[in-house]
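Notes follow once the structure below has been shown.
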There are 2 protein chains.
Amino acid sequence: MSDTPTLIPVHELQMLHDNICQTLGDPKRIQLLYALSQGPRSVNALTELLEAPQSTVSRHLAVLRQRGLVETQRDGTTVVYSLVVPELVVIIESMRGILRKMLAQQLESLSPTS
Amino acid sequence: MSDTPTLIPVHELQMLHDNICQTLGDPKRIQLLYALSQGPRSVNALTELLEAPQSTVSRHLAVLRQRGLVETQRDGTTVVYSLVVPELVVIIESMRGILRKMLAQQLESLSPTS
DNA sequence: GGCTTATATCCGCTTATCCGAATATTCAAA
DNA sequence: TTTGAATATTCGGATAAGCGGATATAAGCC
């Protein structure tokens, strides 16, 4: 009878939320992941790119690192962050695609073709 | 010089966050989307499935509807919700895949093969 | 109209999340 | 070992988000 389960097991759901979903729920973290998809970057570089206070950027990077989505490498006093899970960027791109599609449909509904 | 932009335009980022990312940031909404991926369901059915208070389920469904991810159809006194953007479930599945991969790697790092 | 079922909304409350200035830490060069 | 640059962390406060009992609304039935 039961084929595809209708619910995600609670513990998996919990991990999914804590490690991925919640992480993607902040615009700055999205930008950080997106930026890192083009290659490793120092905190400084990311701070300038995002035009945000250094403490804010560092805090978000720490979140990403704690969740294992990003890793660091020291080079003297600078710390270089790089993406561990590139699939995340694919997901971000998918979401952008969905957004575009939704906006297109909204537009369509305003100016019907037929 | 500049090929792929390193940042997502702020207004797009805003919409992305408000309409999709933030939405996926709540476990109950994930479950609702997941459940709806198997077909339209009444609020009642979803309430029983999630084992959550009816007001909670209804509130989350309202959020999903306001964001255009889900739509409703009345049938007498019952309201049936259905998924408008099935791509969302693909994304959820991708995230589950990432999670599995991450856990596998964690495992691996504990018991090295070589 | 009165009653029942189904859904939506309200409201006070609690918790989660983010912010950014200030401060601490780390490292290397002088 | 003092200084400076880069990064991390602390901390108080603001805002957002979620909760669920209670209540309102809507539709159908008798």
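Below, read A as the first sequence line, B as the second, and so on, with proteins coming before strands; counting in each chain starts at 1. All values below were derived from every heavy atom in this structure, side-chain atoms included, with hydrogens, water molecules and symmetry-related copies excluded.
- Regarding B/Gln73, its CD atom lies at a distance of 17 Å from the C1' atom of D/dA26, rounded to whole Å.
- Side-chain contact between A/Leu64 and A/Arg29: present, with at least one pair of heavy atoms (C-beta onward) separated by less than 4.5 Å.
- Residue A/Ile92 is grouped with residue B/Leu7 when hydrophobic side chains (ILVMFWY) are merged at heavy-atom distances under 4.5 angstrom, including chains of intermediate members.
- Note: CD (A/Gln31) to P (C/dC18) measures 15 Å, nearest angstrom.
- Applying the side chain to side chain contact (heavy atoms under 4.5 Å, CB included) rule to A/Arg100 yields the partners A/Arg96, B/Glu12; only residues at least two apart in sequence or on another chain are considered.
- A donor-acceptor pair is defined here as one N or O able to donate and one able to accept, closer than 3.5 Å; such a pair exists between the side chain of B/Gln31 and the backbone of A/Ile8.
- A/Leu69 is not listed as a side-chain neighbour of A/Leu83, based on a closest heavy-atom distance of 4.5 Å or more.
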Counting primed atoms plus P, OP1 and OP2 as sugar-phosphate and everything else as base, spell out the protein contacts along nucleotides 7-19 of chain D at 4.0 Å heavy-atom distance: B, S or - for each nucleotide, 5' to 3'. BBB-------SSB
